[in-house]
Amino acid sequence: MTYASVIVDVPAKQIDRTFDYGVPEQWEDIVQPGVRVIVPFGPRNVQGFVVGLKDNTELEKVKPIQSVLDLQPVLTSELLQLAQWLKDHTLCYTISALQAMLPAALKAKYEKWLITKNTETLPTELHSIFGENGRVLYDNVKDQPYFPIIQKLVKQDKIELYYQVKDKAKKKTIKMIDVQFSQEQLISYMKQLTKGAKAQTRVLTYIMENEIAKISKQELLEMTQTSSSVIKTLTNEGIITEIEEEIYRDPYKDRNFHKSHPLPLSGQQLNAITPILRCIEKGRHESFVMFGVTGSGKTEVYMQAVDAVLQKGQEAIILVPEISLTPQMVNRFKSRFGDEVAVLHSGLGIGEKYDEWRKIHRKEVRVVVGARSAIFAPFENVGIIIIDEEHESSYKQEETPRYHAKDVAIQRGKYHNCPVVLGSATPTLETFARAKKGLYTLLTMDKRMNEQAMPAVEIVDMREELREGNRSMFSRVLVEKLQDRIDRGEQSVLFLNKRGYSSFMMCRDCGFVIECPHCDITLTYHRFSNSMKCHYCGFEEPVVSTCPSCQSEHFRFFGTGTQKVEEELVKLMPEAKIIRMDIDTTSKKGSHEKLLEKFGQKKANVLLGTQMIAKGLDFPDVTLVGVLTADTMLNVPDFRSAEKTFQLLTQVSGRAGRHVLPGEVIIQTYTPEHYSVQLASTHDYHSFYNKEMMVRKLHQYPPFYYTVLLTVSHEELPKVVQVTEKISFFLKQQLSNEAIILGPVASPIARIKDRYRYQCIIKYKREPKLNDLLKTILDKYQQQMVREKLLISVDLNPYMMM
Ligand code: ADP
Ligand code: ZN
Ligand code: ZN
């Protein structure tokens, strides 16, 4: 008898280990590590992952596996190993680590189908079972005597096991009309129609004249001005059939990508790519920091390195911040590598994501371009991992497992003996410090491809504007320059740093602000629904016109939302054509891209938007970039706020003058003297790095110290305080004198969803015992966490200090 070690889907401390199950004989061939199974666990059946096989077990009574979910492993042995590493480095449960590596479809409700491309190639006894459609429900055949034959054919890739997500709302189909008659048949049918059958004649004439074989029902109805009843008649006659067709499964299917070819590299690009190519050739791991200013040609270097990897027969993983936000990046990779590319990002539906993942799993593609979770792409022969804009905080997952994609990348790079490239114009201090120490190899590209100087940046002191009587959110110089661009037929990008600056309702008389009754944050005003919403818990209430506190009627909304900016701009410059990009205008799928396309076709003078327009955009006629509020992020309680401000301002400035025309940048700010603003305006990364390193050293923050954020939450405040105090007391006792524990204090957002939040921050240089101590704490409170809904979260190397 063979036994399987299984990790079951029950995220709890006592269960965070393997359990043994017997492997029934009929499944001995398919139960392997990395396969999902259903196993009995206590009174119920749960899903689990096989992580190992063995010939004996210490258990006296072993239950058998109930059912097998996969016919081929969904996780490779490398990924199973990586799960252990994730568990140790983020203090999560193994099951959470395993699940983080798979697309949601493999967790969701689904129907399992066995599918073959061609029934003819199957043994004859299977012909009737797979039928004309070449598919059969897995559950209908799994207990049949011929099932082992199917298993074999799956191994030979002749049959595929496919999960069809059952979520009806997500499945996109369209009604199509399929024409069954030939032209001759149509002609003879029409001849015998009566004169009264006008609608039928119209439809058939349309079909014949346009030689239509298949058309969407809606289009046919519209083009011929007919009703469904006519379609029905024609269907009954057997002339046409109505079918449901799935659409948009491949989000990029209908797009034509112009094939692009490698460009001859510049001297700087050659210098950067040479050590990477050497590494690829030798099959050696090395981490590179590609420190290249915006427009220096980093992407071209990435693509040529990927090309070398493909030629070697290997695979490539490219992470970009959030691709739905930078379609231009996807286009560039699709144009170069065509069908070799799978794309994974959060804009895809569950089914679409699963399909893209399947292409990787089945080795139908060798390149994946994706957001954070694409780092777990189940490739088995990775030749390069590239992380573009490595400083982006979206690479850190803010829920368990709280991993950083960069750490995972390096871990996988070591396993596969391949290079890892971290690209950025503004590397994080941690990354750059490592490069300076020689842990990573630094590749510098400080010139733009077009030989253009970096754009000239002018800082405008908004306090001065106010003093001189300008109450608008546009400085006079910005208005002047915008006007100038419109006159010259050039384009401008206006950037609104929205973080912490959304519109809220405030009483002008007593200062009362409406807050969420469940969370300690102000409600955000939404014009569209004329309501106030909480961005944390979703609480919503209609807008009121009088102050709930003093009944004053001077109750108005404040803040500078993008809509407000747009309105003011229209007042200042009625002739300006503006495209606004924010959460409201881009919530519909594909709208983001459409707006950018419109801007690219010069159908507008000004592109106005939030964070989402800061990166990756590349339009030749943009010669002016305006930042409306540079310093909103400086006020966020986070030791990285200066760094984030510098990064953002540098990114935004990089949008101007990327091609022939020179660019100009205006930064409006209330703190013009701050070094992050000053040094961004002179494009001086090195000085910023030195200055900020001094600040970090002084205040004992990364990269000089490691940090851990421990957050406790519960519905009762005294409980939260008590637990957090106990924990920090325990840590103070156990850790060395060099460790610093800040707190316990209330978290910056002191309450979310009716739960109070307290935190302490641990700063340390070397504490070998720390992870074990944190585990001990989690163990100790395990019971309370289950019974009393106490929550303790531990974030190693946190990126959000809220
Ligand atoms: P980055 O990714 O560093 O911001 P890009 O890769 O977008 O820079 O390059 C900036 C511009 O220069 C792009 O329009 C790109 O097509 C062009 N470019 C890059 N490399 C070359 C090259 N070797 N020859 C000509 N043009 C290039
Ligand atoms: Zn709330
Ligand atoms: Zn009031």
Side-chain angles (χ1 to χ4, degrees), residues 257-274 276-277 288-308 316 318-323 325-337 341 367 369 384-392 395 421-428 431-432 435 442-455 491 493 495 596-597 599-600 612-623 625 647-663 665 680 683 685:
F257 293 101
H258 290 289
K259 178 95 186 123
S260 81
H261 297 282
L263 302 168
L265 295 181
S266 70
Q268 282 207 328
Q269 285 175 319
L270 271 176
N271 285 342
I273 203 170
T274 307
I276 301 175
L277 293 181
F288 296 93
V289 178
M290 197 185 291
F291 173 45
V293 296
T294 47
S296 61
K298 295 188 289 295
T299 310
E300 183 63 32
V301 174
Y302 299 157
M303 291 195 292
Q304 298 201 14
V306 168
D307 212 15
I318 299 107
L319 298 193
V320 299
E322 181 51 83
I323 324 181
L325 303 184
T326 54
Q328 289 190 332
M329 191 73 171
V330 176
N331 292 353
R332 287 175 77 176
F333 274 88
K334 283 262 185 186
S335 301
R336 188 69 57 89
F337 301 109
V341 185
V367 180
V369 181
I384 194 168
I385 302 174
I386 296 164
I387 302 190
D388 188 36
E389 313 283 5
E390 70 90 30
H391 61 273
E392 274 295 314
Y395 289 129
V421 181
L422 309 173
S424 177
T426 52
T428 58
T431 295
F432 205 70
L442 184 64
L443 311 167
T444 305
M445 304 208 293
D446 55 9
K447 290 198 198 71
R448 292 183 129 187
M449 274 319 297
N450 57 6
E451 301 285 329
Q452 287 277 6
M454 294 304 287
Q491 291 179 298
V493 169
F495 176 75
L596 288 182
E597 210 173 70
F599 189 66
M612 63 176 74
I613 62 168
K615 324 172 235 288
L617 306 186
D618 187 6
F619 295 109
D621 289 326
V622 171
T623 56
V625 169
Q647 286 164 349
L648 195 69
L649 293 180
T650 306
Q651 286 293 335
V652 178
S653 309
R655 297 308 117 216
R658 290 175 64 88
H659 294 258
V660 183
L661 302 168
V665 179
H683 312 285
Y685 177 83

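Hydrogens, waters and symmetry mates play no part in the numbers below; they use all other heavy atoms, side chains included. Each ligand, and each atom within it, is numbered from 1 in the order the structure gives.
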At a non-hydrogen distance cut-off of under 4.0 Å, which region of [X] contacts ligand 1 (side chain, backbone, both, or neither)?
X	answer
Arg332	side chain
Pro264	backbone
Val301	neither
Gln269	side chain

As an exercise, identify every atom of ligand 1 less than 4.0 angstrom from a heavy atom of [X].
X	result
Glu300	6 (O), 19 (C), 20 (N)
Thr299	2 (O), 6 (O)
Val293	3 (O)
Leu265	23 (N)

Quick one: list whatever passes ring-ring contact (aromatic ring centres under 6.0 Å, His included) with Tyr685, sequence neighbours left out.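 Checked Tyr685 against ring-ring contact (aromatic ring centres under 6.0 Å, His included); matches are Phe291, Phe432.
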Atom of [X], atom of [Y] and distance for their closest heavy-atom approach:
X	Y	value
Gly297	Gln269	O-NE2, 3.0 Å
Ile273	Val301	CD1-O, 3.7 Å
Leu443	Ala272	CD1-O, 3.5 Å

State which residues pass side-chain contact (heavy atoms from CB on, under 4.5 Å) with Ser424; sequence neighbours excluded, sorted by chain then number.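 With neighbours one apart ignored, the set is Glu390, His391, Thr426, Pro427.
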Between ligand 1 and Asp388, can you find any atom pair, the residue atom being a heavy atom, that is separated by under 4.0 Å?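 Contact check Asp388 vs ligand 1: negative.
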Less than 4.0 Å is my threshold; does some heavy atom of Gly295 fall inside it relative to ligand 1?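 Contact present.
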Are the side chains of Val367 and Ile318 in touch, meaning some heavy atoms are under 4.5 Å apart?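 Yes, their side chains come closer than 4.5 Å.
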Nitrogen or oxygen of Lys298 less than 3.5 angstrom from that of ligand 1: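 By distance alone, the answer is yes.
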List the steps, then state whether side-chain contact (heavy atoms from CB on, under 4.5 Å) holds for Ile276 with Met290. CA-CA 10 Å; Ile276 301 175; Met290 197 185 291; 3.9 Å; yes
Strictly by modelled atom types, are Glu300 and Gln304 linked by a side-chain donor-acceptor pair under 3.5 Å?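 Yes, a side-chain donor-acceptor pair sits under 3.5 Å.
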